[in-house]
2 protein chains.
Amino acid sequence: MAEDVFKALADPTRRRILDELVERDGQTLFEICGRLMAKHGVGLSRQAISQHLAVLESAGLVVSRRQGRYKYHDLNTEPLKRIVTRWLGPDASESTP
Amino acid sequence: MAEDVFKALADPTRRRILDELVERDGQTLFEICGRLMAKHGVGLSRQAISQHLAVLESAGLVVSRRQGRYKYHDLNTEPLKRIVTRWLGPDASESTP
DNA sequence: TTGATAGGCAAGTCATCACTTGCCTATGGT
DNA sequence: ACCATAGGCAAGTGATGACTTGCCTATCAA
């Protein structure tokens with residue numbers, strides 16, 4: 001849903017998480033926590049970040065793959081491309097290959 | 001602020017208002033109320049819409065010009081273009097003239 | 001000048017959301 | 001088998017946000 005995408009993007013911490021994943025894909029929850037704390041001064045609990053990741057995932061902005069006891073998180077920009085065309089027109093989401 | 005833009009876009013009614021303005025620029029508050037009601041079945045009070053317009057305006061997504069007792073609202077897509085480049089890259093907001 | 005139209009201000013309600021705390025499960029190393 | 005690591009579940013709290021109601025101001029037409 002586009003609804004979920006907009007709600008997911010409404011929170012600053014979630015946008016920070018997307019920033020983190022754009023810079024380095026496939027991070028675990030603990031890695032994301034560490035980097036948010038170190039680079040952005042975000043002092044939230046592990047659960048807070050976990051819940052944010054859940055919101056991002058159910059919006060389709062993040063895809064996760066489980067491997068052993070680790071869960072890796074990857075960014076998915078497809079939903080982003082779709083929502084912008086709503087007011088900017090179809091040219092607004094093309095990426096030059 | 002990008003912060004305000006994302007928060008402004010988080011509400012479904014506000015997105016509907018943008019839809020309305022993209023279709024017909026320069027509407028008054030009462031016009032917007034009427035069209036939201038007629039076309040989208042939005043049954044909100046005048047104040048509710050007025051407050052939404054205030055949010056959109058302080059996010060820079062809507063610009064208003066007063067003329068006599070009327071206040072006309074125009075869409076401004078510039079803030080939209082800026083926020084998308086954050087995760088999609090600079091090509092994502094170009095419009096073909 | 002009176003009345004109708006277009007809009008604004010302010011307080012109050014109710015729901016949603018972000019975040020925490022405490023406990024539980026599962027995988028891997030030694 | 002044990003313990004540390006990686007993550008999940010659920011209830012509770014506090015704050016933010018959407019919406020309403022009531023009243024007030026300003027512009028225009030008769």
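We name chains A, B, ... by the order of the sequence lines, and we start the count at 1 in each one.
A nucleotide of DNA chain D counts as in contact with chain B when one of its atoms lies under 4.0 Å from a heavy atom; the first and last such, 5' to 3', are D:dG17 to D:dC28.
Distance alone, capped at 3.5 Å, places no donor-acceptor pair between the B:T77 side chain and the B:L80 backbone. Side chain of A:N76 to backbone of A:V62: no donor-acceptor contact under 3.5 angstrom is found. Formation of a donor-acceptor pair under 3.5 Å by the B:R15 side chain with backbone atoms of B:A10 is found in this model. Between the side chain of B:R14 and the backbone N or O of B:A8, at least one donor-acceptor pair lies under 3.5 Å.
Remark: B:K39 engages B:E23 in a salt bridge, criterion side-chain N to carboxylate O under 4.0 Å. Taking the charged nitrogens against the carboxylate oxygens, A:E3 and A:K7 do have a contact shorter than 4.0 Å, which makes a salt bridge.
Rounded to an integer number of Å, the gap from A:L9 CG to C:dC17 P is 15 Å. C:dA18 atom C1' lies 8 Å from atom CZ of A:R14, rounded to whole Å.
Of the two residues near DNA chain D, A:Q51 and A:R66, the one whose nearest nucleotide lies more 5' is A:R66. Nearest-nucleotide assignment on DNA chain C puts the 5′-proximal partner with A:Q47, out of A:Y70 and A:Q47.
The phosphate of C:dC17 has OP1 or OP2 within less than 4.0 Å of a side-chain N or O from A:K7. One finds a side-chain N or O of A:H52 lying less than 4.0 angstrom from the OP1 or OP2 phosphate oxygen of C:dC19.
Between A:V55 and A:D4, every side-chain heavy-atom pair lies at or beyond the 4.5 Å cut-off.
Proximity of residues 22-31 of chain A to DNA chain D (heavy atom under 4.0 angstrom from any strand atom) is restricted to A:T28, A:L29, A:F30.
Between A:F6 and A:I83, the shortest heavy-atom contact is CZ-CB, 3.8 Å.
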